[in-house]
Amino acid sequence: MPADAAFMDKLVALCKRRGFIFQSSEIYGGIGGFWDYGPLGVELKRNIKNRWWHDHVTNPPTGPDGHEIQMVGLDCSIIMNPKVWEASGHATGFADPMVTCLAETCNKLMRADQVLGLWVRESRSAEFVDVTAADAVLGDARNQATAPLVTSQTTEELLVGLLATKDFKKSTITPTRFGNDPRSAYEIRNRNGRVFAGIIAPITNWAELRKSLPCPACSTIGSLTEPRAFNLMFKTHYGALEVASSMTYLRPETAQGIFCNFKNILDTSRVKIPFGIAQIGKAFRNEVNPRNFIFRSREFEQMEIEFFCREEDSMDWYQFWRNTRYNWYVNLGLKSEKLRLRDQTAEELAHYSKACADIEYLFPFSDEFQELEGCAHRGCFDLTQHEKHSGVDLHYFEETLWSEFLAKRKAAGEPELTKEQKSELGGKPPYRYLPTVIEPSAGADRATLAFLCEAYSEDQKPDAKGVMQTRVYMKFHPKLAPIKAAFLPLVNKEGMPEIAEKLYRDAKKHFNVFFDDGGAIGRRYARQDEAGTPFCITIDGDTLGKEGAANPGTVTIRDRDSLKQDRVGLEHVVGWLKERLGAL
RNA sequence: GCGGGUGUAGCUCAGUGGUAGAGCGUCACGUUGCCAACGUGAAUGUCGUGGGUUCAAGUCCCAUCACCCGCUCCA
């Protein structure tokens, strides 16, 4: 659905023309799903990452408890022990079997487990029902329907999954038998008392089964391919000898490196719960189909925080991060209604998650909002998994709370606890526990793309010859702009270039600034507009203090968005910029 | 992965079998007095890649790669 394909085309062309983003390996014909950041792009993306690091790690905000939050940074290796990915679930969870419908008018690609949802059979036709929205069609089936459920999961897993869906919550399931069908058969009675007949069987003979299976989308019988493994993990080998035992993966997310270092950080950095660990780094996913410029690429960069807190405070911290992260985007210029904060519905949540909010942007390539960042309440799922798989104790011990407790007992004259009592009491909450995790996980490339889309602006106005011209300008927040200011001698004579260059050299000590003496002033302004430079500083006759100058010793500073010009004294220019650009 | 579309100069694109083009941009020199100014000059392409048909291929055929749209996915 190209919501505004023309807009997207113009933006992509500008990115390439001005050196924001290039296709990777372009001279060799490119490579799908990989992109390079050019001179302007790298500045923009780095500004975004630096801003994020500054705002959350080096100068974190005040938390809901009124204290500045504790944050530390981390930079983990991309390649880790493959057991990490077994523990996290990625090794299996990222390998979905997919089937394609080969019917000419259909050609749909779907996850095999979705195809194998719920089939309701009535006399000769079979109809597919999404198990999450089964009610209407099941009603039509007049309770007589045979509903074979087949899946690559085990029968038990499937039943658990079925009971988790909206329509079958609180169903009772009783083993039964349909005629001579050898597969496991069940009578399913839902909470409204409606009775369904279901056959549940693991897929062992797809080749046979698919001949009779209709496509969920077009209902053509036997048009589905066999499930093929779509593995989203990037396999690689460590060690020069490529053997099975040296196989591992490039990380699909940076978060697991944080969990694996949880204990190291506790032992070395004097942080106490609540605290957060932040990481910026590359991650890799073999996307089925990388699309939409840098939005979905196979190599991408994440900005992730794992914030560890007590279970009882977790919803406060969740709300805090959800709002803090949303406001971060708004304050850096994603001000339009194209940015939204959306709470996930109960159905969307992972089974271990209490809450999750997505920060979404309405990109021009789609008429649906797309995720920039997910702020998830992950419970203690990840640490539990790593504890289980690694065998290492990852529990947190509240030393202060424990010694306060002991001191209080002593003061009250209570008898000293025995060793056994101590380990019994101190070994469980509130003294010893697995912390709950709030995870704001952002895509740096997606953020970059959103800022690019939001910044792209056009003005129509007549030029010197009266011909309508389009002015294209990138309305970046000054803190994100790749180039902060350009220094331009109005004309190349009478000492203007020399003054401009000296001023440029002064400013360059503090900011990424640019010097341009080539071409007419209007053209130079236009070039800076396309690069998104917020300020153009022009050295003119007044600067030189020429006869009749109204403002001797001043330069003009042109604002990119309003086109208004201020006159500022030469010696105040750097200070003027500092006021507007901040320290970073 | 399946189906459809596209690929010619830095960018946007024209070119339906017979000497590769335009606009914009870029560079140089001259000029210059605030919003893509003007003059003069210049550079730039193995027409995505490989193979085939033909006297002759940017153009026709096959393969391949990349990008765009849909299915799917989610940072």
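We name chains A, B, ... by the order of the sequence lines, and we start the count at 1 in each one. The shown structure was predicted, so the numbers you read here are calculated from the model rather than taken from an experiment.
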Open item on the list: My understanding is that a pair needs two contacts under 3.5 Å, Watson-Crick or G-U wobble. By that rule, which nucleotide pairs with C24(B)?
Closed with: G10(B)
- [ ] Describe the nucleic acid contact of Glu360(A) in one word from base, sugar-phosphate, nothing, applying a heavy-atom distance below 4.0 Å.
- [x] nothing
Could you list the donor-acceptor pairs under 3.5 angstrom formed between side-chain atoms of residues 489-497 of chain A and any protein atom two or more places apart in sequence or on another chain?
| unit_1 | atom_1 | unit_2 | atom_2 | d |
| --- | --- | --- | --- | --- |
| Asn492(A) | ND2 | Asp517(A) | O | 2.7 |
| Glu494(A) | OE1 | Lys546(A) | NZ | 3.1 |

- [ ] Mind checking Gly33(A) for me? I need base, sugar-phosphate or nothing, with any heavy atom below 4.0 Å counting as a touch.
- [x] sugar-phosphate
- [ ] May I ask you to say what Thr538(A) touches in the nucleic acid, namely base, sugar-phosphate or nothing, with a heavy-atom cut-off under 4.0 Å?
- [x] base
TODO: Write down the partner of A75(B) under the Watson-Crick or G-U wobble criteria, each distance required to be under 3.5 Å.
DONE: none
Open item on the list: Students often get this wrong, so: under 4.0 angstrom with heavy atoms, is Gln565(A) touching a base, only sugar-phosphate, or nothing?
Closed with: base
TODO: Quick one: label Phe293(A) by what it contacts on the DNA or RNA (base, sugar-phosphate, nothing), any heavy atom closer than 4.0 Å.
DONE: sugar-phosphate
Task: C1' atoms of U8(B) and G1(B), separation to the nearest Å - done: 30 Å
I'd like a list of close polar pairs between nucleotides 6-12 of chain B and the protein, N/O only, cut-off under 3.5 Å.
| unit_1 | atom_1 | unit_2 | atom_2 | d |
| --- | --- | --- | --- | --- |
| C11(B) | OP1 | Lys16(A) | NZ | 2.6 |

Open item on the list: Could you tell me if Glu253(A) and Ser441(A) have a donor-acceptor pair between their side chains, going purely by distance under 3.5 Å?
Closed with: no
TODO: Go through the side-chain N and O atoms of Ser88(A) and Gln256(A) and say whether any donor and acceptor fall under 3.5 Å apart.
DONE: no
Task: Protein-to-nucleotide contact annotation, 5' to 3' order, nucleotides 28-33 of chain B [B base; S sugar-phosphate only; - none; under 4.0 Å, heavy atom] - done: ----BB
Open item on the list: I want to check something: taking the side chain as every heavy atom from C-beta on, are Leu332(A) and Leu480(A) in contact at a cut-off of under 4.5 Å?
Closed with: yes
TODO: Could you check whether Gln302(A) gets within reach of a base, just the sugar-phosphate, or nothing at all, counting any heavy atom under 4.0 Å?
DONE: sugar-phosphate
Task: With sequence neighbours excluded, residues passing side-chain contact (heavy atoms from CB on, under 4.5 Å) with Gln370(A) - done: Phe295(A), Phe363(A), Phe365(A), Ser366(A), Glu368(A)
TODO: Verify whether the ring centers belonging to Phe369(A) and Tyr361(A) lie closer than 6.0 Å.
DONE: no
Open item on the list: I'd like to check the ring-ring contact (aromatic ring centres under 6.0 Å, His included) partners of Phe535(A); sequence neighbours left out, ordered by chain and number.
Closed with: Trp576(A)
Open item on the list: Please tell me if Arg527(A) has a side-chain N or O lying less than 4.0 Å from either OP1 or OP2 of U26(B).
Closed with: yes
TODO: Between C35(B) and A43(B), how far apart are the P atoms? Round to whole Å, please.
DONE: 33 Å
Open item on the list: What contact category does Glu373(A) fall into here, base, sugar-phosphate, or nothing, at under 4.0 angstrom with non-hydrogen atoms?
Closed with: sugar-phosphate
- [ ] Taking the six-membered ring for Trp and the full ring for Phe, Tyr or His, determine whether the centres of Trp317(A) and Phe307(A) are under 6.0 Å apart.
- [x] yes
- [ ] Hunt down the Watson-Crick or G-U wobble partner of C34(B), both distances under 3.5 Å, from any strand shown, or write none.
- [x] none
Task: Partners meeting side-chain contact (heavy atoms from CB on, under 4.5 Å) with Gln385(A) (sequence neighbours left out) - done: Phe381(A), Lys388(A), His389(A)
Open item on the list: Taking G15(B) as the reference, what is the distance to A22(B) when you measure between their C1' atoms (whole Å, please)?
Closed with: 10 Å
Task: Spacing of the P atoms in G4(B) and C62(B) (rounded, Å) - done: 13 Å
Open item on the list: Mind checking if Thr556(A) touches a base, just sugar-phosphate, or nothing, with heavy atoms under 4.0 Å?
Closed with: base
Task: A37(B) phosphate, OP1 or OP2, under 4.0 Å from Arg523(A) side-chain N/O - done: yes
